[in-house]
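Numbering of residues begins at 1 and proceeds along the displayed sequence. Because only heavy atoms are used, hydrogens play no part in the values below, and waters and symmetry mates are left out as well, while side chains stay in.
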Amino acid sequence: MTMPHHALEITLTRPLTPAELHHATRSMPLAANHDATRLMALTRAKTPVKALERLRHQMDGRLPIDVITTHYPDTGGQILLNVTFPPTTYTSIRHAADRAGKSPENFVRQALHRALAQHASDEADRLDQAVQQLLAHTTAAPLLAAVGRALTHTPGVAPC
């Protein structure tokens with residue numbers, strides 16, 4: 001059985017110098033974005049989690065890694081993260097997880113899910129309020145036409 005390749009994205013804590021990027025690409029092929037703050041890699045592994053761990057092990061110390069993520073969602077629609085915390089931060093997380101009766105990984109996962117859900121809710125509320133303010137001064141038809149124009153004329157936004 002052949003092992004699949006997994007597309008992984010490395011987010012760096014700072015831009016790489018050309019020499020650092022050249023040195024890193026000598027150990028494995030990497031593609032850098034325009035300002036060398038993010039890299040793409042293909043890693044062979046049985047699972048996405050193993051691929052994240054393998055890339056972290058291979059590149060840690062060579063690159064100023066902030067986080068490594070899977071580039072494509074898994075079968076559950078999730079993007080997987082690989083984050084290494086400083087020892088004092090990890091100790092704090094471990095103590096909080098122990099108090100909650102969870103593993104540190106599950107504790108962080110649930111905290112992240114809660115934060116993302118709260119952000120999505122806050123953003124929906126903000127947009128609802130903005131639309132209500134706009135509707136106080138116009139009707140739905142002109143507002144929808146204006147939104148359509150804005151979406152079709154905004155650089156970087158694909159037309160519907």
Value rounded to 0.5 Å, distance of CG in L12 from CD1 in I65: 7.0 Å
Considering all heavy atoms, the nearest A45-A51 contact: CB-N, 3.4 Å
Rounded distance (nearest 0.5 Å) linking atom NZ of K46 with atom CZ of R54: 9.5 Å
Nearest heavy-atom neighbours spanning H137 and Q133: CD2-O, 3.1 Å
Selection residues 11-21 - residue pairs positive for side-chain hydrogen bond (donor to acceptor under 3.5 Å, both in side chains), sequence neighbours left out: R14-E20, T17-E20
Sequence-distant partners of R62, side-chain hydrogen bond (donor to acceptor under 3.5 Å, both in side chains), two or more places apart: S27
Heavy-atom neighbours of H5 NE2 exceed 12 at 6.0 Å: yes
Any T70 side-chain heavy atom under 4.5 Å of L8 side chain: yes
Side-chain donor/acceptor pairs under 3.5 Å, residues 120-131, sequence neighbours excluded:
unit_1, atom_1, unit_2, atom_2, d
D122, OD1, Q118, NE2, 2.6
E123, OE1, R126, NE, 3.2
E123, OE2, R126, NH2, 2.7

Joint hydrophobic cluster, M3 plus L55, side-chain heavy atoms closer than 4.5 Å: no
Could you pull out all donor-acceptor pairs under 3.5 Å where a side-chain atom in residues 71-84 meets a protein atom, sequence neighbours excluded?
unit_1, atom_1, unit_2, atom_2, d
D74, OD1, G76, N, 2.9
D74, OD1, G77, N, 3.1
D74, OD1, Q78, N, 2.8
N82, OD1, R56, NE, 2.6
N82, OD1, R56, NH2, 3.0
T84, OG1, R56, NE, 3.4

Set of residues satisfying side-chain contact (heavy atoms from CB on, under 4.5 Å) with respect to T89, sequence neighbours excluded: F85, P86, I93
Donor-acceptor under 3.5 Å (H6 side chain, L52 main chain): no
For T37, side-chain hydrogen bond (donor to acceptor under 3.5 Å, both in side chains) partners two or more places apart: N33, D35
Counting only pairs under 3.5 Å, give me each side-chain donor-acceptor contact of residues 108-117, with atom names and distances, residues two or more places apart or in other chains.
unit_1, atom_1, unit_2, atom_2, d
R109, NH1, N106, OD1, 2.3
Q110, OE1, K102, NZ, 2.8

Of all pairs that satisfy salt bridge (Lys or Arg N to Asp or Glu O under 4.0 Å), the ones with a partner from residues 138-148, not counting sequence neighbours: none
Where L135 and T139 come nearest, the two heavy atoms and their spacing: CD2-C, 4.0 Å
L21: side-chain contact (heavy atoms from CB on, under 4.5 Å) partners, not counting sequence neighbours: L16, T25, A32, L39
Separation of H23 NE2 from L63 CG (nearest 0.5 Å): 8.5 Å
Path from I68 to M40 over hydrophobic side-chain contacts below 4.5 Å: no
Non-neighbouring partners of R94 that pass salt bridge (charged side-chain N to carboxylate O under 4.0 Å, His left out), sequence neighbours left out: none
Side chain proximity check, T43 to M28, heavy atoms < 4.5 angstrom: yes
For T88, all residues meeting side-chain contact (heavy atoms from CB on, under 4.5 Å), sequence neighbours excluded: none
